[in-house]
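Written below as structure tokens is the structure these notes are about.
Proteins come first, then strands; the chains are lettered A, B, ... in the order of their sequence lines, and each starts at number 1. Here the structure is a predicted model, which is why all the values come from computation and not from measurement.
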Number of protein chains: 2
Amino acid sequence: MKSNKSILLVEDDPNFGRILKEYLTINNYEVTLAVNGIEGFEKFNKSEFDLCILDIMMPFKDGLTLAREIREINETIPLIFLTAKNLKDDVLKGYKIGADDYLTKPFDSEILLAKIKSILNRKPNVNVEEKDVFEFEFGEFSFNSKLRILTHKMGESHKLSPKENQLLKMLVLNFDDLLPRDIALNKIWRDANYFTSRSMDVYIAKLRKYLDKDISLKIINVHGEGFRLMQE
Amino acid sequence: MKSNKSILLVEDDPNFGRILKEYLTINNYEVTLAVNGIEGFEKFNKSEFDLCILDIMMPFKDGLTLAREIREINETIPLIFLTAKNLKDDVLKGYKIGADDYLTKPFDSEILLAKIKSILNRKPNVNVEEKDVFEFEFGEFSFNSKLRILTHKMGESHKLSPKENQLLKMLVLNFDDLLPRDIALNKIWRDANYFTSRSMDVYIAKLRKYLDKDISLKIINVHGEGFRLMQE
DNA sequence: CAATACATTAACATTTCGTTAAGAAAGTTT
DNA sequence: AAACTTTCTTAACGAAATGTTAATGTATTG
């Protein structure tokens, strides 16, 4: 299954943390592990997560403190607490911060998984930020990157593959400007090396084929730098 | 606090039920108590509730069965289960039906209260949207998703199974737009994995068969993303 | 002109989808 | 409770879509 949800797991017991991370990874979640509250906060700020699992009892910075800091930045991200014992007080504090759930160690991993699913399923990701733009017009084409359809205005529609789609979207977003190779590679292929670079060339060729229905549109190579979608 | 939230509490132990009801009432919830699954279902249908607390182990009709019936009528109402022992299997079944949480008896009433607050606070029920729409017109069809009937305008009516019905409804609600696989799977099958995905494909095939009485309607696959009901 | 970067086509492997059918599970009727 | 019906899942297998890599050739640069 595609688009994996990403989880920030903050757990000071390295053994338990590793095992839990592995278990979640097997179940198709992308897991980032931090071993204490300080590292947890750093990692939280570095990338976007869909859910956090926080051990409460941790050295340096406990899970509740970390949760408060996270809540200051993000009011909606689901939080699940792990408590070593059934410390009622910790649990109540957790809920006060805005926890979605807690689990008492030792817990059953299947139940954790069920909780995670339950929590993630009910949130239709109310990301208030920017709505994703997915409709474009350029040259004689209109392009819907959500439906992955490129339509020539006096011709046919053409389905695009995911890679074609992403690459064209990046080109269009940088219309008439340079799309640096590395940036596209790191975003679409998640790595920039000889092979991904060759692969990108293949996809540039495919896009050129589609776009040559409008002779005024060109994908120009900037040697050693990247590509530029332009109209003469 | 303005209008108090109302809770349906279904619990067969009359003593425990009464005490719990009192406790919740003191904390400003309007509580309706039912002593078994049958009575619970009757009362559920009589008035509107914001949340249900269901004991799993009950005579006549257990909490899980009741939950399924409730879910058929209301897809979003939060459900909390009470389990006498920590029966993992019951818990997992509960989550599969769409539970929001569970508690193992004996539990701390403050923690139950915290859970209730957490669940009720997290959203002013976003699902106000589609709630009551159940009659649709598209192409040469009219479709009643409450009666689960698909009618071809110059032909016959066709009964739809629950799954067929839900899937078609989601497609229609996203007419001409993408219905992402994961979203449909999580909503209808309550899980997204290889098998549910295969099952969904089977249902797409069935719907296509029904819809091909109107040749202008198509269910298009967007590879790796989902499906799109459209009219050419 | 040598070295590197790009272009294009094609072969291949992998993943995802479409469809049919068998049979398990749930629901109904008798 | 047995027999039947409907619904749903799972298996199986072919078809289609996608992405990578190889191979071969062309362009650009210093």
Side-chain angles (χ1 to χ4, degrees), chain A residues 1-4 28 147-150 157-168 171 178-182 184-185 187-212 218-229, chain B residues 61-62 64-69 71-72 93 96-97 148-150 158-168 171 178-182 184-185 187-212 218-229:
Chain A
M1 204 108 294
K2 210 184 44 83
S3 68
N4 297 340
N28 282 325
L147 300 174
R148 300 209 315 251
I149 292 177
L150 177 66
S157 292
H158 202 294
K159 288 191 207 167
L160 299 178
S161 84
K163 284 263 189 316
E164 291 168 350
N165 187 61
Q166 288 185 80
L167 186 53
L168 180 56
L171 285 167
L178 178 72
L179 171 63
R181 233 195 159 87
D182 303 17
L185 284 175
K187 175 137 187 174
I188 301 175
W189 277 265
R190 268 135 198 286
D191 191 18
N193 59 45
Y194 173 78
F195 292 108
T196 54
S197 209
R198 289 295 63 72
S199 198
M200 177 169 169
D201 288 338
V202 172
Y203 278 89
I204 289 289
K206 292 182 183 186
L207 291 182
R208 284 195 175 120
K209 214 168 241 170
Y210 301 150
L211 294 186
D212 70 8
K218 295 264 186 296
I219 297 175
I220 301 292
N221 173 254
V222 183
H223 198 90
E225 301 290 336
F227 294 91
R228 175 182 171 218
L229 171 59
Chain B
K61 189 190 283 182
D62 69 291
L64 291 171
T65 309
L66 173 58
R68 263 182 226 106
E69 293 175 354
R71 264 285 168 271
E72 269 184 35
K93 274 183 198 159
K96 199 150 194 186
I97 294 169
R148 302 209 312 254
I149 291 177
L150 177 66
H158 201 294
K159 287 188 209 165
L160 298 178
S161 83
K163 286 263 188 316
E164 292 169 349
N165 186 61
Q166 288 185 78
L167 186 53
L168 181 56
L171 284 167
L178 178 72
L179 171 62
R181 234 194 159 88
D182 296 18
L185 285 176
K187 178 144 183 174
I188 301 175
W189 279 263
R190 302 210 161 267
D191 193 15
N193 59 44
Y194 174 79
F195 293 108
T196 54
S197 207
R198 243 73 281 293
S199 198
M200 176 168 169
D201 287 338
V202 172
Y203 277 88
I204 289 288
K206 291 181 184 186
L207 290 181
R208 283 192 176 124
K209 219 165 239 170
Y210 301 151
L211 295 186
D212 70 7
K218 295 260 186 296
I219 298 176
I220 301 289
N221 173 254
V222 182
H223 199 95
E225 301 286 340
F227 293 92
R228 174 184 172 215
L229 171 59

Do side-chain atoms of B/N221 reach the backbone of B/G226 as a donor and acceptor pair under 3.5 angstrom?
yes
Lys/Arg-Asp/Glu bridge criterion (N-O < 4.0 Å) met for B/E69, B/K61:
yes
Mind checking B/K159 for me? I need base, sugar-phosphate or nothing, with any heavy atom below 4.0 Å counting as a touch.
nothing
For nucleotides 22-27 of chain C, tabulate all protein N/O to nucleotide N/O atom pairs closer than 3.5 Å, reporting atom names and distance.
none

Can you measure B/I204 atom CD1 to C/dT19 atom P for me and round it to whole angstrom units?
11 Å
Could you go through the side chain to side chain contact (heavy atoms under 4.5 Å, CB included) check for B/L179 and B/E225 one step at a time?
CA-CA 8 Å; B/L179 171 62; B/E225 301 286 340; over 6 Å; no
State, yes or no, whether a side-chain contact exists between A/S161 and A/Y203 at a heavy-atom distance under 4.5 Å.
yes
Using a 3.5 Å distance criterion without hydrogens, assess whether the side chain of B/R208 forms a donor-acceptor pair with backbone atoms of B/I219.
yes
For A/L167 and A/I204: C-alpha separation, side-chain torsions, deciding distance, then whether side chain to side chain contact (heavy atoms under 4.5 Å, CB included) applies.
CA-CA 8 Å; A/L167 186 53; A/I204 289 289; 3.8 Å; yes
For the backbone of A/K159 and the side chain of A/R148, can you confirm whether one donor and one acceptor N or O come within less than 3.5 Å of each other?
no
Taking only N and O in the side chain of B/R208, is any of them less than 4.0 Å away from OP1 or OP2 of C/dC17?
no
What's B/R68 touching, base or sugar-phosphate or nothing? Going by heavy atoms closer than 4.0 Å.
nothing
Regarding A/D201, tell me which of base, sugar-phosphate or nothing describes its non-hydrogen contacts under 4.0 Å with the strands shown.
base
Between atom CE in A/M200 and atom C1' in D/dT18, what is the gap in whole Å?
18 Å
Which sits closer to the 5' end of DNA chain C, B/I220 or A/I220, going by the nucleotide each is nearest to?
A/I220
Looking at B/Q166 and B/K163, would you say the former's side chain and the latter's main chain have a donor-acceptor pair under 3.5 Å?
no
Distance, rounded to the nearest Å, where A/L160 contributes CG and D/dA16 contributes C1'
17 Å
Round to a whole Å and report the spacing from CG of A/L167 to C1' of C/dA7.
14 Å
Give me the bend of the helix from C/dC1-D/dG30 to C/dT30-D/dA1, using the axes of the five pairs at each end, rounded to 10°.
30°
Evaluate the side chain to side chain contact (heavy atoms under 4.5 Å, CB included) criterion for residues B/L211 and B/L150: first the C-alpha distance (whole Å), next the side-chain angles of each, then the deciding distance (0.1 Å), finally the verdict.
CA-CA 9 Å; B/L211 295 186; B/L150 177 66; 4.2 Å; yes
If a protein heavy atom is under 4.0 Å from the base, mark B; if only from the sugar-phosphate, S; if neither, -; do that for nucleotides 19-30 of chain D going 5' to 3'.
BBBS-----SS-
Would you please test A/Y210 and A/L160 for side chain to side chain contact (heavy atoms under 4.5 Å, CB included) and show each step?
CA-CA 10 Å; A/Y210 301 150; A/L160 299 178; 3.5 Å; yes
May I have the distance from B/D191 (atom CG) to D/dC8 (atom C1'), rounded to whole angstrom?
15 Å
Donor-acceptor pair, side chain of B/T196 and main chain of B/W189, under 3.5 angstrom
no
Cationic N near anionic O, under 4.0 Å, B/R181 to B/D201
yes
Using whole Å, what does the distance between atom P of nucleotide C/dC17 and atom CG of B/L185 come to?
10 Å
Tell me: CG of B/D212 to P of C/dT19, nearest whole Å?
10 Å
A/D182 CG - C/dA5 P separation (whole Å)
12 Å
